[in-house]
Amino acid sequence: MRLLFIVFSAFVSLVVQAEQNWQTLEQAAKGQTVYFNAWAGDDNINAYIRWAGEQVEQRYAINLEHVKVSETANVVSRILAEKISGRTEGGSVDLVWVNGENFRALKQADLLFGPFSQRLPNLALTDQQSPALLYDFTLPVEGYESPWGGAQLTFYYDSARLSGPPKSMLELLAYLEQHPGLFSYPAPPSFYGTTFIKQALLELIEDKSVLYQAVDKPQFEVLTAELWRFLDKLHPLMWRRGLSFPSGSGQMQQLLNDGEVAIAFTFNPNEPAAGIRQGLLPESVRSYVHQAGTIANTHFLAIPFNSKATAAAMVVANFLLSPEAQARKSDLSYWGDPSVLSMDKLNTEQRQLFQQQLSPASLSVQDRANVLAEPHASWVTLLEAEWLRRYSR
């Protein structure tokens, strides 16, 4: 009994110490400015970040500046250039929205502050044993990123024009042979285009296991041969005969709404339902995934090694993990980005924040569970380069 009391007392002491340390960090964060470099290609996302900035200013006296970027790779290059030039303090980036190959580049070049995420109190509200939070494109996170949102490649279609959507890449090709022009995808290195060709590769390659290892460059041509044969057949059947490509998810959504295509896709499984609610898509739109599953991942927040506001960046990351912030982010009226919180870690009041009426355009529970892991991040560079060599004009 005495031993149990000693162990319990030690645990309570650690909890109290952690709370005191966090309170000290919050004090240090007051008055700091966080330059948050985040993709700015969607008005809803930009509005959400503005709301988050208002909240952290009111609650913690932190100034959150959204540095709007189109390609996170450019942010990685800037941080690397600062390190090479000797700028080891006072960097231009304090927080960055990142995952995949960009996280890999930052981690391998020693450009990250941390590990820090285990110090965030709200991380306890996530499933810390989930592979989706422990690994980023097969690379161990090891506390150098804080989870922010979930994503899954989600196809959607106008059910008023198409009764049964194609549920594989080969079925999509067969559909377009009968109905040419009714599908397209953004050109890599657009994230959406790269994700589409990774999905196609996963479906077409004979041995998927090789995709979860660092790419074997001498074998790359052989392993991807079926992918290029598929795309060679697909492109002439696409919108504008594959001679031009939509710019991103926004244009794909617009093309479907205008009736120019019958099938589109996104990496946010709530986007079609949100599009209907916002009047951007017809009410007849429905979502689906391929029979073999679709690529899913987690996106994260990271702090560069030379951030001048690490305390404030951690406070912002922790706030963005709070039930309030995660619930607003997942709300279809705001962003509709799936939460990374584990509902069984929340109390009744916190769970009520997430109660929303499901839309007929939302993915089913079965579809949300039918996922494929991201290939190793090293595949991205070679896939994009080869796509550009073959198809860019």
Side-chain angles (χ1 to χ4, degrees), residues 34 36-59 64-70 72 95-100 122 125-126 132-133 145-154 156 190-192 195 247-254 256-257 264-281 285 287 296-302 316-343 346 350-363 368:
V34 173
F36 180 21
N37 285 237
W39 183 71
D42 189 295
D43 290 340
N44 287 352
I45 295 174
N46 297 337
Y48 176 80
I49 294 176
R50 282 196 300 274
W51 171 82
E54 293 166 0
Q55 298 303 307
V56 296
E57 183 176 18
Q58 294 170 10
R59 302 175 190 215
L64 185 67
E65 292 286 346
H66 181 190
V67 180
K68 298 178 180 180
V69 300
S70 57
T72 306
L95 191 65
V96 58
W97 180 9
V98 67
N99 73 350
N122 286 330
L125 301 178
T126 68
L133 304 189
E145 294 180 303
S146 170
W148 194 23
Q152 182 177 358
L153 178 60
T154 302
Y156 59 98
S190 161
F191 167 79
Y192 296 96
T195 300
S247 58
S249 63
Q251 190 178 4
M252 284 191 287
Q253 184 182 83
Q254 186 64 54
L256 190 139
N257 189 55
F265 66 91
T266 175
F267 209 58
N268 179 345
N270 289 329
E271 184 176 300
I276 292 173
R277 180 172 295 191
Q278 295 158 18
L280 301 174
L281 287 171
V285 161
S287 301
N297 67 33
T298 302
H299 46 263
F300 297 84
L301 302 174
V316 170
N318 188 62
F319 170 73
L320 293 174
L321 263 180
S322 68
E324 179 185 356
Q326 287 279 304
R328 186 181 179 95
K329 184 164 66 68
S330 66
D331 192 318
L332 298 179
S333 301
Y334 298 106
W335 180 349
D337 188 52
S339 175
V340 292
L341 299 186
S342 178
M343 292 300 117
L346 306 184
Q350 291 168 335
R351 282 197 296 271
Q352 286 176 345
L353 295 172
F354 292 86
Q355 290 182 353
Q356 302 172 35
Q357 184 176 1
L358 286 178
S359 163
S362 299
L363 284 182
R368 289 297 306 274

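Any value given below was found using the heavy atoms of this structure, including those in side chains, with hydrogens, waters and symmetry copies removed.
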Tell me, do [X] and [Y] make a side-chain contact under 4.5 Å, heavy atoms counted?
X	Y	value
T154	N268	no
D337	Y48	no
Q253	L256	no
S333	R277	yes
T72	F191	no

Provide the closest heavy-atom pair for [X] versus [Y] in the form atom of the first, atom of the second, distance.
X	Y	value
Y334	N44	O-CB, 3.1 Å
L363	Q152	CD1-OE1, 4.1 Å
K329	P338	NZ-O, 3.6 Å
V285	A361	O-CB, 3.5 Å
L332	A273	CD1-CB, 3.8 Å
F265	M252	O-CE, 3.2 Å

## Note on the structure
Applying side-chain hydrogen bond (donor to acceptor under 3.5 Å, both in side chains) to T266 and not counting sequence neighbours gives E271

Let me confirm one number: the [atom1]-[atom2] distance from [X] to [Y], rounded to the nearest 0.5 Å.
X	Y	atom1	atom2	value
I49	W335	CD1	CH2	6.0 Å
L346	L125	CG	CG	6.0 Å
S287	I276	OG	CD1	7.5 Å
H66	L95	NE2	CG	10.5 Å
W97	H299	CH2	NE2	5.5 Å
L64	L320	CG	CG	7.5 Å

### Query
Do the ring centers of W39 and W148 come within less than 6.0 Å of each other?
no

Can you check whether [Y]'s main-chain N or O pairs, donor with acceptor, with [X]'s side chain at less than 3.5 Å?
X	Y	result
N46	A40	yes
N122	N318	yes
T298	A132	yes

### Task
Might you work through the side chain to side chain contact (heavy atoms under 4.5 Å, CB included) test for S330 and F354, ending with a clear yes or no?
CA-CA 8 Å; S330 66; F354 292 86; 3.7 Å; yes

#### Entry: Any residue meeting salt bridge (charged side-chain N to carboxylate O under 4.0 Å, His left out) with R59, in chain and number order, not counting sequence neighbours
E324

